[in-house]
Amino acid sequence: QVQLVESGGGLVQVGGSLRLSCSASGRTFFGWHTGWFRQSPGKERDFVAAVSWSGPTSRYADSVKGRFTISRDNAKTTVYIQMTNLKPEDTGLYYCAKAPLLMATPRAEDFRSWGSGTQVTVSS
């Protein structure tokens with residue numbers, strides 16, 4: 001059973017940067033695509049970014065394109081998301097999860113093995 005653990009969240013000012021990590025345990029990390037989602041209180045879990053198992057293919061929500069970069073280090077079984085020029089609307093609980101297929105428009109229901117999340121708060 002793959003366990004995913006998110007880390008790296010925190011409080012940052014508008015315009016600041018953070019790098020989140022999603023670490024996996026278990027050999028079934030291999031071959032799975034990985035995505036990041038975020039959720040604010042009272043709202044649905046929204047797609048942020050995803051990366052293919054092999055790395056070259058990525059997907060981004062329109063709201064983060066040009067500001068966020070997703071990457072992975074399979075040797076470390078870790079997926080990263082570098083977030084720059086953060087805005088208050090980026091505030092939320094960030095989750096990572098895995099998926100067998102990487103769709104053109106990833107949805108939360110395509111993913112499984114969710115971590116417990118890491119909080120990102122952007123203050124103005």
First locate atom [atom1] of [X], then atom [atom2] of [Y], and finally report the distance between them rounded to the nearest 0.5 Å.
| X | Y | atom1 | atom2 | result |
| --- | --- | --- | --- | --- |
| Thr69 | Gln82 | OG1 | CD | 7.0 Å |
| Lys87 | Asn85 | NZ | CG | 6.0 Å |
| Ile81 | Arg19 | CD1 | CZ | 12.0 Å |
| Trp32 | Leu102 | CH2 | CG | 13.0 Å |
| Leu4 | Cys96 | CG | SG | 4.5 Å |
| Met103 | Glu109 | CE | CD | 10.5 Å |

Which atom names give the shortest non-hydrogen contact between [X] and [Y], and what distance separates them?
| X | Y | value |
| --- | --- | --- |
| Thr118 | Gly8 | OG1-N, 4.0 Å |
| Ile70 | Tyr60 | N-OH, 2.8 Å |
| Ser40 | Thr91 | OG-O, 3.1 Å |
| Asp110 | Ala99 | O-CB, 3.4 Å |
| Trp36 | Ser21 | CH2-O, 3.5 Å |
| Arg72 | Val51 | NH1-O, 3.5 Å |

Test log, rule side chain to side chain contact (heavy atoms under 4.5 Å, CB included), inputs Glu89 and Val122: CA-CA 8 Å; Glu89 52 264 40; Val122 183; over 6 Å; no
Any side-chain heavy-atom pair of Thr34 and Phe111 under 4.5 Å: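 Side chain of Thr34 against side chain of Phe111, heavy atoms only: no contact under 4.5 Å found.
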State, yes or no, whether a side-chain contact exists between Tyr95 and Leu20 at a heavy-atom distance under 4.5 Å.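 No. Closest side-chain heavy atoms not under 4.5 Å.
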Would a single hydrophobic cluster contain both [Y] and [X], if residues Ile, Leu, Val, Met, Phe, Trp and Tyr are joined by side-chain heavy-atom contacts under 4.5 Å?
| X | Y | answer |
| --- | --- | --- |
| Tyr80 | Phe68 | no |
| Leu86 | Leu93 | no |
| Leu11 | Met83 | no |

For Gln13, I'd like to know if atom CD has over 12 heavy atoms of other residues, nucleotides or ligands within 6.0 Å.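 Check fails, neighbour count at 12 or below.
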Determine yes or no for a side-chain-to-main-chain donor-acceptor pair under 3.5 angstrom, with Asn74 supplying the side chain and Trp53 the backbone.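 At least one qualifying donor-acceptor pair exists.
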Is there a donor-acceptor pair closer than 3.5 Å between any side-chain N or O of Glu6 and the backbone N or O of Ser116?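 Judged by distance alone, yes, a pair lies under 3.5 Å.
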Can you sort out the partners of Phe47 under ring-ring contact (aromatic ring centres under 6.0 Å, His included), two or more places apart, ordered by chain and number?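 Applying ring-ring contact (aromatic ring centres under 6.0 Å, His included) to Phe47 gives Phe37.
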Counterpart residues, salt bridge (charged side-chain N to carboxylate O under 4.0 Å, His left out), relative to Asp90 (two or more places apart):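 Scan of Asp90 (salt bridge (charged side-chain N to carboxylate O under 4.0 Å, His left out), adjacent residues dropped) gives Arg38, Arg67.
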